[in-house]
Amino acid sequence: MGRDNIADIITSIRNADMNKKGTVRIASTNITENIVKILLREGFIENVRKHPENNKYFLVSTLRHRKTRKGIYRTVLKCISRPGLRIYSNYQRIPKILGGMGIVILSTSRGIMTDREARLERIGGEILCYIW
């Protein structure tokens with residue numbers, strides 16, 4: 001794990017998805033728990049459990065692989081903000097991914113939420129990642 005926890009989470013999930021792994025283990029922090037809860041609620045992850053190991057907690061997530069006629073459908077995760085360049089947006093300019101089919105995860109003053117929730121609450125924030 002490096003300094004950018006959000007990029008580490010996204011990279012871990014993306015690598016496990018590309019290698020057709022069933023589970024992925026992520027270090028548990030408040031930010032990672034909130035992001036994984038959003039992924040679980042939106043249907044990108046099937047199951048999550050908290051696993052203690054040597055006085056540290058890890059989130060063990062079961063990935064959902066969707067099959068299509070041409071093969072397995074890949075989940076695309078893309079980091080937007082990074083420690084050297086933070087990207088902020090107000091609620092009116094939050095991008096719609098694939099015309100609303102994808103989701104944008106934002107860090108707002110009211111916690112981490114999706115783009116739909118941020119638009120309903122009329123609140124902007126830092127754009128963390130895109131998922132479709």
Side-chain angles (χ1 to χ4, degrees):
M1 290 272 182
R3 290 183 179 177
D4 190 8
N5 291 334
I6 298 165
D8 290 339
I9 297 165
I10 291 172
T11 302
S12 298
I13 294 172
R14 186 184 318 122
N15 289 341
D17 188 43
M18 288 176 63
N19 291 326
K20 300 176 187 172
K21 300 286 184 186
T23 61
V24 63
R25 193 179 93 164
I26 302 167
S28 177
T29 63
N30 288 336
I31 294 173
T32 59
E33 286 182 17
N34 290 331
I35 290 174
V36 168
K37 284 179 187 175
I38 289 174
L39 292 175
L40 181 66
R41 190 174 60 225
E42 294 291 329
F44 293 103
I45 293 177
E46 284 184 17
N47 189 10
V48 177
R49 63 184 167 87
K50 204 169 192 178
H51 179 69
E53 186 176 308
N54 297 334
N55 295 331
K56 293 182 182 178
Y57 286 96
F58 292 95
L59 296 172
V60 180
S61 303
T62 305
L63 299 178
R64 175 172 286 165
H65 297 289
R66 299 180 199 135
K67 293 192 178 192
T68 61
R69 291 181 186 172
K70 295 182 180 178
I72 295 177
Y73 173 73
R74 299 274 182 238
T75 301
V76 179
L77 296 115
K78 184 176 180 185
C79 260
I80 302 303
S81 282
R82 51 193 169 107
L85 180 64
R86 304 286 187 191
I87 306 295
Y88 296 96
S89 176
N90 62 5
Y91 76 95
Q92 297 165 336
R93 295 188 182 218
I94 297 172
K96 288 187 178 183
I97 305 302
L98 294 177
M101 296 291 289
I103 63 170
V104 177
I105 296 180
L106 294 128
S107 175
T108 66
S109 59
R110 295 185 190 161
I112 295 177
M113 59 179 65
T114 64
D115 56 340
R116 287 180 226 122
E117 296 168 350
R119 283 190 196 97
L120 286 175
E121 294 189 21
R122 293 185 170 211
I123 189 169
E126 179 183 354
I127 298 174
L128 299 178
C129 61
Y130 297 156
I131 301 169
W132 69 91

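Model, not experiment: these values are computed from the prediction.
Nearest approach of K50 to L59, heavy atoms of both residues: CG-CD2, 4.2 Å. The two residues C79 and A7 come nearest to each other via the heavy atoms SG-CA, 3.6 Å. Taking each heavy atom of V24 and S12 in turn, the nearest pair found is CG2-O, 3.7 Å. The minimum heavy-atom distance between V60 and T23, with the atom names listed, is CG1-CB, 4.3 Å. Shown here for Y91 and R119, the closest heavy-atom pair between the two residues is O-CG, 3.8 Å.
Residues I131 and E42 fail the side-chain proximity criterion, which asks for heavy atoms closer than 4.5 Å. Side-chain atoms of P52 and Y57, non-hydrogen and from C-beta on, do get closer than 4.5 Å to each other. Between V36 and S61, some side-chain heavy-atom pair lies under the 4.5 Å cut-off. Taking the side chain as every heavy atom from C-beta outward, I35 and I10 never approach each other to under 4.5 Å.
With hydrophobic clusters built from ILVMFWY side chains whose heavy atoms lie under 4.5 angstrom apart, V76 shares a cluster with I97. One hydrophobic cluster, built from ILVMFWY side chains closer than 4.5 Å, holds both I45 and I31. L128 and M113 are assigned to two separate hydrophobic clusters, defined by single-linkage of ILVMFWY side chains at heavy-atom distances under 4.5 Å. No path of Ile, Leu, Val, Met, Phe, Trp and Tyr side chains, each step under 4.5 Å between heavy atoms, connects I6 with I127, placing them in separate hydrophobic clusters. When the side chains of ILVMFWY residues are joined at heavy-atom separations under 4.5 Å, either directly or via intervening members, L77 and L98 end up in two distinct hydrophobic clusters.
For the atom pair E33 CD and I112 CD1, the distance stands at 10.5 Å (nearest 0.5 Å). Distance CD/E117 to CD1/I38: 6.5 Å, rounded to 0.5 Å. Going from atom CG of D17 over to atom OG1 of T75 covers 4.5 Å, rounded to the nearest 0.5 Å. Distance check, rounded to the nearest 0.5 Å: NZ of K78 to OH of Y130 gives 7.5 Å. With values rounded to the nearest 0.5 angstrom, R82 atom CZ is found 8.0 Å from I87 atom CD1. Rounding to the nearest 0.5 Å gives a distance of 4.5 Å between CZ of R14 and OG1 of T11.
Side chain of N34 to backbone of N30: a donor-acceptor contact under 3.5 angstrom is found. With hydrogens and angles ignored, the 3.5 Å screen pairs a side-chain donor or acceptor of R64 with a backbone N or O of G43. Side-chain atoms of T32 come within 3.5 Å of backbone atoms of A27 as a donor-acceptor pair (strictly under, hydrogens ignored).
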Output side-chain donor-acceptor pairs under 3.5 Å for residues 99-110, partner residues at least two apart or in another chain, one line each.
residue : atom : partner : partner atom : Å
T108    : OG1  : R110    : N            : 3.2
T108    : OG1  : G111    : N            : 3.4
T108    : OG1  : G111    : O            : 2.6
R110    : NH1  : E121    : OE1          : 2.9

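Shown here is L63, whose CG atom has more than 12 heavy atoms of other residues, nucleotides or ligands within 6.0 Å. Other residues, nucleotides and ligands contribute over 12 non-hydrogen atoms within 6.0 Å of the CG atom of N19.
The side chain to side chain contact (heavy atoms under 4.5 Å, CB included) test applied to R93 returns S89, N90, not counting sequence neighbours.
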